[in-house]
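Quick notes on the structure that follows.
Just so it is clear, the values below take in all heavy atoms, side chains as well, and ignore hydrogens, waters and symmetry mates. What you are looking at is a predicted structure, and each value in this text was computed from that prediction instead of being measured. First listed ligand is number 1; within each ligand, the first listed atom is number 1.
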Amino acid sequence: MKKEQVVNCQFSVWYPLFKKHTIKSLILPIPQNVIDYLFDDGTLVVSGSYLLNNQPWTDDETTTAVTAPEFPEFKIRVQEAINVLGGRVFPKLNWSAPRDANWIALNSSLQCQSLCDIFLLFKSSDFITHDLTQPFLHCSDDSPDPTINYELVLRKWSELIPGAEFRCFVKENKIIAISQRDYTQHYQHIAKQEDSISSAILEFFRDHIQYQFPDEDFVLDVYRDSSGRVWLIDFNPFGEVTDSFLFTWEELTSGKNLTANQTQEDTALQEGPAFRYTTSEVTVQPSPCLSYRIPRDFLDLTTGEDAYKLIDFLKLKKGQQEEESDEEGEGP
Ligand SMILES: Nc1ncnc2c1ncn2[C@@H]1O[C@H](COP(=O)(O)OP(=O)(O)OP(=O)(O)O)[C@@H](O)[C@H]1O
Ligand SMILES: [Mg+2]
């Protein structure tokens, strides 16, 4: 993978070319002070809130309020954009969405209504940190890193059905492989409609994408809605940084016939791409983002979400302290 391929997959590079075929979005340049705030991995304090740095379970005697930095102008621009997009948005940086951080949001979703919601997700996400700190990881060229202008991408919130999302691997401007995106689940309709899904995606690709993207190797995410219309969701670099789902990168780059594993009947019919989907409930796997989470109890306690849990915790702590002071009081 070359650095230029990564540059071409930035949202602001492809969106103007394919606007008609994707979800309505707005791109806002991020001012340097906001980038500095996103880079700073100190206390997580989001605008409009404050945090006391002596939590009940620490021995720290001092109580200092840490106030969040404010970005009034940027905040207004973001709020205006959110309003234009209908009040609810899906946020991204140049390449990534904070998919690994949805557990921290009060609604457990990436749906945002304010800059404060966006900051909470961005500051909690390793995927956003990847965009900020090592966007050219796995690139094979030694040239200096191209300059990146960081941008906040706001996409109109859309209720996408996970079973209708597919990832297409494009090599030399041909789709060589298509994978079900949410591979942890088994969706009966995919097996039933395999041919129509595959041909709808191929037709969409041929009519609107092929030879129009600035690279000949890339990964394309698409969505097939309930009326059968195919939509573009995202472009990703053709290489290790992109999740290969039901294929391996070794297979995708080997040049071997990827349909070889399919049944003979399929192979005879199929001259197009290999199409893989999760075939039975036996193979259902845990969500790939689970490992980014922290225990629910810890989250409830730190956010004060579950008042009863917090009360129990404080009672426990008080009980322990009383026990300790009793022990100290007891003479030999
Ligand atoms: N506008 C939207 N509204 C609601 N959900 C969305 C929207 N856009 C994308 N999603 C959901 O979020 C998921 C991730 O979106 P997207 O592919 O843009 O993120 P990403 O960070 O580029 O992911 P990846 O790292 O896999 O490339 C999609 O699979 C889709 O389910
Ligand atoms: Mg992507």
Side-chain angles (χ1 to χ4, degrees), residues 1 5-15 18-19 21-27 81-82 84-103 105 107-113 117-118 121-122 124-132 134-135 137-138 150-170 178-185 187 190 201 209 213 215 217-226 230-247 249 252 277 287-292:
M1 195 175 65
Q5 293 182 280
V6 176
V7 167
N8 287 337
C9 288
Q10 288 182 97
F11 193 86
S12 57
V13 173
W14 66 259
Y15 184 70
F18 302 101
K19 223 176 178 162
H21 306 291
T22 190
I23 301 166
K24 186 178 175 188
S25 308
L26 291 169
I27 305 166
I82 294 176
V84 169
L85 294 168
R88 297 178 306 149
V89 296
F90 175 87
K92 293 189 78 164
L93 217 54
N94 299 40
W95 297 272
S96 304
R99 285 184 301 114
D100 54 331
N102 65 343
W103 56 268
N107 55 359
S108 292
S109 143
L110 296 188
Q111 189 186 100
C112 294
Q113 300 188 18
D117 295 347
I118 297 169
L121 290 170
F122 276 19
S124 318
S125 166
D126 288 351
F127 297 170
I128 293 294
T129 306
H130 166 93
D131 278 17
L132 288 170
Q134 40 181 201
L137 185 75
H138 300 307
Y150 280 101
E151 60 208 25
L152 173 63
V153 175
L154 301 176
R155 314 204 69 185
K156 189 180 171 62
W157 181 263
S158 319
E159 293 296 339
L160 302 179
I161 303 162
E165 294 188 74
F166 300 91
R167 176 159 284 184
C168 312
F169 300 87
V170 179
I178 303 175
S179 170
Q180 171 183 336
R181 179 149 192 192
D182 180 19
Y183 63 90
T184 60
Q185 303 294 319
Y187 296 100
I190 300 184
I201 293 176
I209 311 288
F213 186 74
D215 201 329
D217 299 343
F218 53 93
V219 176
L220 174 76
D221 293 329
V222 294
Y223 181 75
R224 185 169 170 270
D225 71 17
S226 50
V230 178
W231 295 86
L232 166 64
I233 299 295
D234 195 21
F235 284 98
N236 310 284
F238 189 90
E240 295 269 321
V241 276
T242 300
D243 200 325
S244 54
F245 297 145
L246 295 169
F247 295 87
W249 274 109
L252 292 165
Y277 48 88
S287 159
C289 278
L290 277 182
S291 58
Y292 294 96

Original post:
Considering all heavy atoms of both residues, which atom of Cys9 and which atom of Pro237 are nearest to each other, and what is their separation?
Top reply: SG-N, 3.4 Å
**OP:** Would you check if the side chain of Tyr150 reaches a backbone N or O of Asp131 as a donor-acceptor pair within less than 3.5 Å?
**Re:** yes
**OP:** Could you see which bit of Arg88 sits under 4.0 Å from ligand 1, with heavy atoms only: side chain, backbone, both or neither?
**Re:** neither
Subject >> Minimum-distance protein heavy atom relative to atom 27 (O) of ligand 1 >> reply: Asn236 OD1, 2.9 Å
**OP:** Identify the heavy atoms of Phe245 and Ser179 that sit nearest to each other, and give their distance.
**Re:** CB-OG, 3.2 Å
Original post:
With ring centroids as reference points, do Trp249 and Phe238 lie under 6.0 angstrom apart?
Top reply: yes
Original post:
Is a side-chain N or O of Thr129 found less than 3.5 angstrom from the main chain of Ser125, in a donor-acceptor match?
Top reply: yes
**OP:** Take every heavy atom of Tyr223, measure it against each atom of ligand 1, and state whether any distance is under 4.0 Å.
**Re:** no
Original post:
Is the backbone N or O of Asp221 less than 3.5 Å from a side-chain atom of Arg181, with the two atoms forming a donor-acceptor pair by type?
Top reply: no
Could you give the side-chain donor-acceptor pairs of residues 158-166 under 3.5 Å, partners two or more places apart or in another chain?
unit_1	atom_1	unit_2	atom_2	d
Ser158	OG	Lys156	O	3.1
Glu159	OE2	Trp157	NE1	2.9

**OP:** Taking Gln180 for its side chain and Gln185 for its backbone only, find out whether a donor-acceptor pair lies under 3.5 Å.
**Re:** yes
Original post:
So which heavy atom in the protein is nearest atom 25 (O) of ligand 1, and how far is it from that ligand atom?
Top reply: Arg99 NH2, 3.2 Å
Original post:
How close does the nearest protein non-hydrogen atom get to atom 4 (C) of ligand 1, and which residue and atom is it?
Top reply: Ser158 O, 2.8 Å
Original post:
What do you reckon, does Asp243 put a non-hydrogen atom under 4.0 Å from ligand 1?
Top reply: no
**OP:** Select one of side chain, backbone, both or neither to describe which atoms of Phe127 lie under 4.0 Å from any atom of ligand 1, heavy atoms only.
**Re:** neither
Subject >> Within reach of ligand 1, part of Phe90 (heavy-atom separation under 4.0 Å) >> reply: side chain
**OP:** Check whether any N, O or S atom of Ser96 sits under 2.8 Å from the Mg ion (ligand 2).
**Re:** no
Subject >> Arg155: numbered ligand 1 atoms lying under 4.0 Å from its heavy atoms >> reply: 1 (N)
Subject >> Shortest protein heavy-atom distance from atom 16 (P) of ligand 1, along with the residue and atom involved >> reply: Lys92 NZ, 3.7 Å
Original post:
Got the closest protein heavy atom to atom 21 (O) of ligand 1, with its distance?
Top reply: Ala97 N, 2.7 Å
Subject >> Region of Glu165 engaging ligand 1 - heavy atom pairs below 4.0 Å >> reply: side chain
Original post:
Closest non-hydrogen protein atom to atom 22 (O) of ligand 1, residue and atom name please, with distance?
Top reply: Asp234 OD2, 2.7 Å
Subject >> Heavy-atom gap Glu159 to ligand 1 smaller than 4.0 Å >> reply: no
**OP:** Determine, for Lys92 against Asp234, whether the closest basic-nitrogen to carboxylate-oxygen distance falls under 4.0 angstrom.
**Re:** yes
Original post:
Counting from 1, what ligand 1 atoms have a heavy atom of Trp95 closer than 4.0 Å?
Top reply: 22 (O)
**OP:** May I ask you to check whether Trp157 has an N/O atom sitting below 3.5 Å from an N/O atom of ligand 1?
**Re:** no
Original post:
Taking the side chain from Asn8 and the backbone from Asp215, do they hold a donor-acceptor pair closer than 3.5 Å?
Top reply: no
Subject >> Distance-only side-chain donor-acceptor flag, Tyr187 / Asp182, under 3.5 Å >> reply: yes
**OP:** Would you mind listing which atoms of ligand 1 come within a distance below 4.0 Å of any non-hydrogen atom of Ile23?
**Re:** 1 (N)
**OP:** Check Lys156 against ligand 1 and report side chain, backbone, both or neither, counting heavy atoms closer than 4.0 Å.
**Re:** backbone
Original post:
Of all N/O/S atoms in Asp234, which lies nearest to the Mg ion (ligand 2)?
Top reply: OD2
Original post:
What is the closest protein heavy atom to atom 17 (O) of ligand 1, and at what distance does it sit?
Top reply: Arg181 NH1, 3.0 Å
Original post:
Just one of Asn236, Thr242, Val170 clears the side chain to side chain contact (heavy atoms under 4.5 Å, CB included) bar with Phe218, so which one?
Top reply: Val170
